[in-house]
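Just so it is clear, the structure is predicted and the values come from calculations on it, not from any experiment.
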Amino acid sequence: SIFCQSNPQWMRHSSISPDGTEIAFTYKGDLYKVNANGGNAQQLTFHSAHDYKAVWSKDGSKLAFASNRYGNFDIYIMSSNGGTAERLTYHSNNETPYSFSADDKNVVFGAVRQDDVNHRQHPNRSQSELYSVPVKKGRISQIFTIPAEDIQYSKNGKKMLYHDKKG
């Protein structure tokens, strides 16, 4: 447990809450959160699978993350206070969450699912497309066929900042 570690190692994939008061991170394959000023970390997931890449909803109430509970990394969502995680995606390829939409109704993620036939790049694991899934579950929507990562929306949701990943 991280609570008995005086100097824990391998805390990875940190994500700061929208209000700046908490940090979610991965430690030994589970999600934790800690006050931004320090203190004891609270374990949020308790699973033998690997949970990582937590991203906060804009209101700070939820975390989306990737987990390989069924073999590959799918998108899950849970309360930022812990509890039961719900699976949002069921594709056979790995998926990585990047952000919530500006209205917190969707989780935006990257995955290699379906590239545009006219796209100049060949689909491969390093050139994922951009998708969204409703937080209440539902149909996946493709946003971009171009490789785009680390998405963030403007507050009004009309603009998007992303890393345009090249080959």
Side-chain angles (χ1 to χ4, degrees), residues 1-91 93-111 128 130-141 143 148-163:
S1 170
I2 196 168
F3 304 104
C4 63
Q5 299 276 338
S6 59
N7 192 12
Q9 304 294 312
W10 296 103
M11 293 180 291
R12 309 206 41 186
H13 308 291
S14 59
S15 178
I16 300 172
S17 64
D19 65 5
T21 62
E22 296 179 297
I23 302 170
F25 61 93
T26 299
Y27 178 69
K28 291 187 175 180
D30 280 309
L31 298 182
Y32 290 78
K33 74 174 182 176
V34 67
N35 187 289
N37 294 321
N40 289 333
Q42 174 191 353
Q43 189 171 354
L44 300 175
T45 61
F46 301 81
H47 205 280
S48 60
H50 191 80
D51 301 335
Y52 83 124
K53 293 266 187 176
V55 294
W56 294 82
S57 60
K58 305 303 182 204
D59 67 5
S61 69
K62 297 191 181 315
L63 289 170
F65 62 96
S67 181
N68 63 352
R69 296 174 186 194
Y70 294 94
N72 60 289
F73 286 98
D74 293 302
I75 305 298
Y76 287 76
I77 191 168
M78 68 184 301
S79 166
S80 60
N81 291 320
T84 304
E86 293 185 59
R87 187 178 180 189
L88 297 182
T89 63
Y90 297 82
H91 199 271
N93 281 336
N94 291 333
E95 298 157 333
T96 304
Y98 295 132
S99 181
F100 280 74
S101 58
D103 61 7
D104 275 343
K105 291 183 178 178
N106 295 282
V107 176
V108 178
F109 66 95
S128 62
L130 193 62
Y131 299 89
S132 70
V133 61
V135 296
K136 301 200 184 271
K137 298 184 180 179
R139 185 172 182 262
I140 309 293
S141 299
I143 299 173
E149 297 181 342
D150 304 321
I151 306 309
Q152 288 299 321
Y153 285 94
S154 61
K155 287 191 182 204
N156 65 10
K158 293 183 178 183
K159 293 185 179 183
M160 177 192 301
L161 179 67
Y162 65 93
H163 173 202

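Screening residues 45-63 for salt bridge (Lys or Arg N to Asp or Glu O under 4.0 Å), with sequence neighbours left out, gives Asp51-Arg69.
Side-chain contact between Leu130 and Met160 is present, with at least one heavy-atom pair separated by less than 4.5 Å. Between Ile140 and His91, the closest side-chain pair of non-hydrogen atoms is not below 4.5 Å. The shortest side-chain heavy-atom distance between Leu31 and Thr26 falls under the 4.5 Å cut-off. Looking only at side-chain heavy atoms (C-beta outward), His47 and Asp30 come within less than 4.5 Å of each other.
For the atom pair NE2 (His163) and OH (Tyr98), the distance works out to 9.5 Å, reported to the nearest 0.5 Å. Between atom CG of residue Leu63 and atom OG of residue Ser17 there is a gap of 9.5 Å, rounded to the nearest 0.5 Å. Here the CH2 atom belonging to Trp56 is positioned 13.5 Å from the OG atom belonging to Ser99, to the nearest 0.5 angstrom. For the atom pair Asp74 CG and Phe65 CZ, the distance stands at 10.5 Å (nearest 0.5 Å). Between the OG atom of Ser101 and the CD1 atom of Ile143 there is a distance of 8.5 Å, given to the nearest 0.5 Å.
In this structure, Asn106 and Ser132 approach most closely via the heavy-atom pair CB-CB, 4.1 Å. In this structure, Ser15 and Ala54 approach most closely via the heavy-atom pair CB-O, 3.2 Å. Heavy atoms only, all atoms of each residue included: Ser154 and Ala102 are closest at O-CB, 3.6 Å. Between Gly39 and Val34, the shortest heavy-atom contact is O-CG2, 3.5 Å. Nearest approach of Leu88 to Pro134, heavy atoms of both residues: CD2-O, 3.9 Å.
When the options Phe100, Tyr131, Phe73 are evaluated for a ring-ring contact (aromatic ring centres under 6.0 Å, His included) with Phe109, the one that passes is Tyr131.
By the 30° and 60° cut-offs, the orientation of the rings of His13 relative to Tyr52 is perpendicular. Aromatic ring pairs are classed by plane angle as parallel below 30°, tilted from 30° to 60° and perpendicular above 60°; the pair Tyr32 and Phe25 is parallel.
In this structure a side-chain-to-backbone donor-acceptor pair under 3.5 Å is present from Thr89 to Ile75. With hydrogens and angles ignored, the 3.5 Å screen pairs no side-chain donor or acceptor of Ser57 with any backbone N or O of Asp104. The closest donor-acceptor contact from the side chain of Ser79 to the backbone of Asn81 lies under 3.5 Å.
Taking a 6.0 Å sphere around OH of Tyr70, one finds it holds 12 or fewer heavy atoms contributed by other residues, nucleotides or ligands.
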